Amino acid sequence: MRVKKQKRHRRAVRFYTACFGFREPFKIFCDGTFVHHLVVNRITPADTALTNILGAPVKLFTTRCVLAELKCLGGNYQEALNAANNLFTARCDHETRKSAEDCITEVIGEKNSEHFFVATQDADLRRSLQKIPGVPVIFALRNALFLEQPSSFQRQFANSAEEERLHMTDLEYNMLRQRKKRKLSDDKQGDSSNASEGEIDDVSQTQIINTNVKKNESDVKDKIRFKRKKAKGPNPLSVKKKKKSVDTNFTTSGKENKNGEGTVRSRKRSRKRSRKNVVEGNA
């Protein structure tokens, strides 16, 4: 049961934030009956209890008319008056004291521009606030707090407002038509100017061609002609030197090979005398 209650509250808060622009921290407008119920049932601290319901930080407000009404109710409401004095005071601009119900309805207005959550135990006030778009209502039952679900009137108002945002207004439609007309007139002016510029360019080009023909006929050189550089040979320092041809008819020793095949390197082999032969010779 508790999980379902939290889901309903979360869904209602999401509806008011998405459709009517409520933002954190939420502002709670408390009347005398709600404050008295909190004090009697020991639902303290009140801001913590309301934060648990809405899932976001809150600020509690009241008005001077509500405080004056609690003061007139006598000693039974003295503790509620002391608790209400600790709340923020909303501006009501009433020179003479009014009832809490009239004061709250005037502060809320027709569209609840200040985005107040109204916390009250007055059933008549709750029913009247359900007919105003964008006014969430909080009430208490014993030691539990509840957030009323959006009424059918508030849901219809949100749907109609969304449809209006999707479609253009008459003012926007007229502005769009004027903008299209201006764009078409600018395009026509641009096309006419481009056509005149094209004619001027054609005339100038024909004049230039005629002057070039006359100059060619008279063989007049307008520009100085420079001699073109011809390609030269390669840099001799960067070219490899040619290798000298070697005569293969002679060997390295200067003797001709008998077979007539190329040069053959002659190798002389020096034989080492064995030690035994040296000893015999000495003997």
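Quick caveat: nothing in here was measured; it's all calculated off a predicted structure.
- When atom types are taken as modelled, the side chain of His36 and the backbone of Ala80 share no donor-acceptor pair closer than 3.5 angstrom.
- The main-chain N or O of Ala100 is never found under 3.5 Å from a side-chain atom of Asp31 such that the two would form a donor-acceptor pair.
- In this structure the side chain of Tyr16 reaches within 4.5 angstrom of the side chain of Gln154, judged on heavy atoms.
- The aromatic ring centroids of Phe29 and Phe117 lie 6.0 Å or more from each other.
- A distance-only check finds a donor-acceptor pair linking the side chain of Arg23 to the backbone of Thr17 [under 3.5 Å].
- With hydrogens and angles disregarded, no donor-acceptor distance shorter than 3.5 Å links the side chain of Thr62 to the backbone of Leu87.
- Proximity of a side-chain donor or acceptor of Glu106 to a complementary backbone N or O of Cys92 within less than 3.5 Å is not detected.
- Side chain of Lys27 to backbone of Glu114: a donor-acceptor contact under 3.5 angstrom is found.
- Among residues two or more places apart in sequence or in another chain, the salt bridge (charged side-chain N to carboxylate O under 4.0 Å, His left out) test is passed with Glu148 by Arg126.
- Within the 3.5 Å criterion, the main-chain N or O of Lys98 finds no donor-acceptor partner in the side chain of Asp102.
- Remark: side-chain polar atoms of Gln121 are paired, donor with acceptor, to backbone N or O of Ala140 under 3.5 angstrom.
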Original post:
Could you go step by step and tell me if Arg127 and Asp124 meet the salt bridge (charged side-chain N to carboxylate O under 4.0 Å, His left out) rule?
Top reply: CA-CA 5 Å; Arg127 280 193 294 269; Asp124 295 333; 2.3 Å; yes
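- The stretch residues 42-51 participates, sequence neighbours left out, in these side-chain hydrogen bond (donor to acceptor under 3.5 Å, both in side chains) pairs: Arg42-Glu79.
- Taking the ring axis of Phe15 as reference, the NZ or CZ atom of Arg155 stays within 45° of it and closer than 6.0 Å to the ring centre.
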